[in-house]
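All heavy atoms count here, side chains included; hydrogens, waters and symmetry mates do not.
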Amino acid sequence: LHAAQLLKHAVGIARAAEAAVEIRYLYYDWPGRHGAVHREEVARFAALVGPEIGFDATTYQQLYAALRREPGVDAGYLEYLRSRYFADVPGS
């Protein structure tokens, strides 16, 4: 996670749009040591960002689980996602 780069872009967008900015960070939660380090970085960043910049971090795994709960999402597309990216995700 490159916190300085995220903040630089958020400030630039806020200035250009003259509006509030929210950062939506979407990432694949990789198992193991590297994934754990990244999750810690994301949590630290989220704790340090002030209220003037909204921050929300979501994993692709969480997004996929949410799509599965939504009525009307194409079952073929969900199966494609499951087999390609989430075959090892519990409950998929």
Side-chain angles (χ1 to χ4, degrees):
L1 182 70
H2 197 292
Q5 189 73 7
L6 285 174
L7 291 174
K8 176 181 148 187
H9 287 296
V11 169
I13 292 168
R15 282 188 176 169
E18 298 180 1
V21 171
E22 292 186 8
I23 297 172
R24 303 281 181 187
Y25 187 65
L26 183 62
Y27 67 99
Y28 192 91
D29 191 17
W30 199 260
R33 184 178 63 82
H34 293 293
V37 168
H38 185 254
R39 284 188 299 277
E40 290 171 11
E41 290 176 359
V42 171
R44 247 189 338 268
F45 181 78
L48 294 173
V49 173
E52 55 278 341
I53 297 177
F55 179 74
D56 179 58
T58 303
T59 67
Y60 281 105
Q61 291 91 328
Q62 291 168 320
L63 178 59
Y64 172 70
L67 282 174
R68 289 183 64 220
R69 291 188 301 270
E70 282 294 314
V73 176
D74 183 84
Y77 183 63
L78 288 174
E79 175 53 28
Y80 163 77
L81 291 175
R82 187 204 64 75
S83 65
R84 174 132 187 184
Y85 302 107
F86 304 109
D88 296 332
V89 175
S92 64

For residues 5-14, which side-chain N or O atoms pair as donor and acceptor with protein atoms under 3.5 Å away, sequence neighbours left out?
{"residue": "Q5", "atom": "NE2", "partner": "H9", "partner atom": "NE2", "Å": "2.9"}

(message) Once you measure the plane-to-plane angle for F86 and Y28, does it fall in the parallel (<30°), tilted (30-60°) or perpendicular (>60°) bin?
(response) parallel
(request) Could you check if a side-chain atom of Y60 sits within less than 4.5 angstrom of a side-chain atom of Y85, using non-hydrogen atoms only? (result) no
(request) Please check if V42 and V37 belong to a single hydrophobic cluster, counting links between Ile, Leu, Val, Met, Phe, Trp and Tyr side chain heavy atoms closer than 4.5 Å. (result) no
(message) Could you work out, with salt bridge (charged side-chain N to carboxylate O under 4.0 Å, His left out) as the rule, every residue matching E22, not counting sequence neighbours?
(response) R24
(request) Under the side-chain hydrogen bond (donor to acceptor under 3.5 Å, both in side chains) rule, collect the residues that match up with R44, sequence neighbours excluded. (result) none
(message) For L48 and F55: C-alpha separation, side-chain torsions, deciding distance, then whether side chain to side chain contact (heavy atoms under 4.5 Å, CB included) applies.
(response) CA-CA 10 Å; L48 294 173; F55 179 74; over 6 Å; no
(request) Applying ring pair (Phe, Tyr, Trp, His ring centres under 6.0 Å), name anything that partners Y27, two or more places apart in sequence or on another chain. (result) Y25, H38
(request) Locate the shortest heavy-atom distance separating T58 from Q62; write the atom from each residue and the value. (result) CA-OE1, 3.4 Å
(request) Sequence neighbours left out, what passes side-chain hydrogen bond (donor to acceptor under 3.5 Å, both in side chains) with R15? Give chain and number order. (result) none
(message) For a 4.5 angstrom cut-off between non-hydrogen side-chain atoms, does I23 reach D56?
(response) no
(message) Strictly by salt bridge (charged side-chain N to carboxylate O under 4.0 Å, His left out), give each pair with a member in residues 28-42 just once, sequence neighbours left out.
(response) D29-R39
(request) Can you measure from CG (L67) to CG (D74) and round to the nearest 0.5 angstrom? (result) 11.0 Å
